[in-house]
Amino acid sequence: MISYWAIVSARFRSLLQYRSAALAGLVTQIVWGMIRVMIFQAFYSSTNAEQPMDGSDVETYIWLGQAFLAALPWNIDTDLRSLIRSGGIGYELIRPVDLYSYWLSRALSWRTAPMLMRAIPLLIFAFVVMGMSPPVSWAAAAAFFVSMCAAILLSSAITTFLNVTMLWTITGDGVTQMTFGLVLIFSGMLVPLPLYPDWSQPIINAMPFRGLVDTPYRLYLGHIPVSEFAGVLTHQLVWILAFIVAGRIAMARALRRVVVQGG
Amino acid sequence: MLSIIWIAYRISFRFAARFRSSTVSVCALYDCVPHTRWQTADVDLSLTRHLKLAVGCFRAFGPSNPHGYHVMSQIIIEDLIKQFRVSERDAGMWGAIRGIVKRRYHTINALDGVSFSIEPGELVGYIGPNGAGKSTTVKVMSGILVPDAGRCEILGRVPWRNRTEHVGRIGVVFGQRTQLWWDLPVIESFDLLRDIYRIPRNEYARNRDEFIAVLNIEACLDVPVRQLSLGQRMRCDLAAALLHSPDILFLDEPTIGMDAVSKLAFREFIKQFNQKRGTTVILTTHDMDDIEVICDRVMIINDGKIVSDGTLDELRRRVTLERRLVVELVDNVSEHTIHPLANLASRDGKRIHIQFDPHQISAADLIAHVTSQNQVQDLFVENPPIEETIARIYEDQAT
């Protein structure tokens, strides 16, 4: 266990070096968040019909999404990609650790370090300047926290799965772009999930992606009551397990046919 | 019930594994039992196998056999075969377009029945022309590549089957890459390796301080790896590969790109480390000086086959019996004063190079003859350069 913790910590520390990327991301996400909020304000002001989610909740939902954007499985580990391309992957295999757990540890840092650097200042900005609302209750805050941790784990498991596919495709770009398309639409990042048509709700609820965004944010808003917390957490955990199992199987298959590039 | 026995068995097994020594390894026993997918196979099968194993353990540690199980070579390689499929296409645009529809492949026999065994503490040079299969062998031995066929047992384990246990006992340096974390200062990489390899604190501190002093890397420790020079990086890499006191060290072209001073220091360190700790070293290189200085034994691979295996002297003898006597004379010499069984190879003023075959005439006789005929200022016998010897073996194989 100490091995994996050391990997998480070291990777985390090296990722904290990328300060200018964090600053650029922060500014982009604030501007982007303002645009999204304005679009939804326009929608809401043009209708009197009862909506599944009220306007201020949608705004908070959007700001949470902007804050935790970097935690989504939207890219592959570029270091791993260069290791695979150059053949440095060989060194990954001579470590006396389980390679899947090793990569999952890497992915955990890869998803949390950049996210934290952006989320903290962005949330402060959203609270102070944009009037974002706090969690509805302490219980909701606790549920949000637990569910957010599960979301990061789910995102890391998906990221690791994408990383493993690189052992076949070498670049991993195609798989990542397809996955990110799905994530964007079905997690609630583009449009909050309650606003999708009723007939699509069962399908969306069964898919893994709502566990990344929609589940924790709606717990925060009280839109999913704390009494339903156990159910939605189970949904997240089942999908985490599914991605871990899939990733492990894929990795075991890949390692049997691995070819280390170069010399 | 069975599962409880099984778990208890596995726990006792782990416990026993702590007491492994270099010759008696519980894990070695573990691998003596032929198993294919026994972990997932039906319980009966795996139980009988483990009963066999328990008997084996008893024999090994029981009073009747105080010296342990049998002592075997540290590395056993038999008939190793590895093929790669390489896609090829014709050059140019038309070739690229055709390649979309139809790919042609050809097969390369990277390893074509390689066999050897290595005893603990040996310093083995593993050489061969580019693409001969050197690195492939090292990768198989370090558990990175799975061969297509053949046997490979290292410290009693099959590298790719018991990868995690295996790699904990070996150290690897690939000269063209680094195992240090690119963004982290060197010392943090070392600390990270301590945690990954679960090196006991005092062993870690002792090794780290020793390597820092001997390899002279004190000044590099706080510098991120990406900012180190090649020579500094290689020294740090070497220290990193040895922090966990491995039983076997694989060096794959470690001196590539190093300057002369770094190379000398590197060779000296390897030799001393081997003498002090008894670590087995397997070195692949293109630098014959590395081989001459470091290695007791040289294996040559070409086209995926071992073509020569023995000491450096044996290798020389196999290829050529020729020696050279270099004589520096006081006066100029006339050719008839050289012995009839030897030839003049070249002359450079008063210095002459005489070629001779030690089977036809001993060096002592030749020297006696030359000194009786001429006034000699200085003389010495030399071997033909090792590069020539190796090149001749490569050429012989090619024809």
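Scope of the values below: all heavy atoms of this structure, side chains included, with no hydrogens, waters or symmetry mates. Residue numbers begin at 1 in each chain, while the letters A, B, ... track the order of the sequences. Remember, it's a predicted structure, so these values are computed and weren't measured experimentally.
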In terms of heavy-atom contacts, A:Leu233 and A:Ser147 come closest through CD1-CA, 4.4 Å

Assess the side chains of B:Ser245 and B:Asn207: does a donor N or O sit below 3.5 Å from an acceptor N or O?
yes

Largest heavy-atom contact set with chain A, pairs under 4.5 Å, which of B:Asp191, B:Leu184, B:Asp183
B:Asp183

Chain A heavy atoms under 4.5 Å from B:Thr136: which part of the residue, side chain, backbone, both or neither?
neither

Among B:Glu253, B:Arg163, B:Glu188, residue most engaged with chain A (heavy-atom pairs, under 4.5 Å):
B:Arg163

I want to check a possible cation-pi pair here: B:Arg208 against B:Phe190, using under 6.0 Å from ring centre and within 45° of the ring axis as the test.
no

Less than 4.0 angstrom from a charged side-chain N to a carboxylate O is my criterion; do A:Asp77 and A:Arg81 meet it?
no

Atom group of B:Gln179 that falls short of 4.5 Å from chain A, counting heavy atoms:
both

Below 4.5 Å from any heavy atom of chain B, which atoms of A:Leu15 appear? Answer side chain, backbone, both or neither.
neither

If I compare all heavy atoms of B:Val167 with all of A:Leu93, which pair ends up nearest, and what's the gap?
CG1-O, 3.7 Å

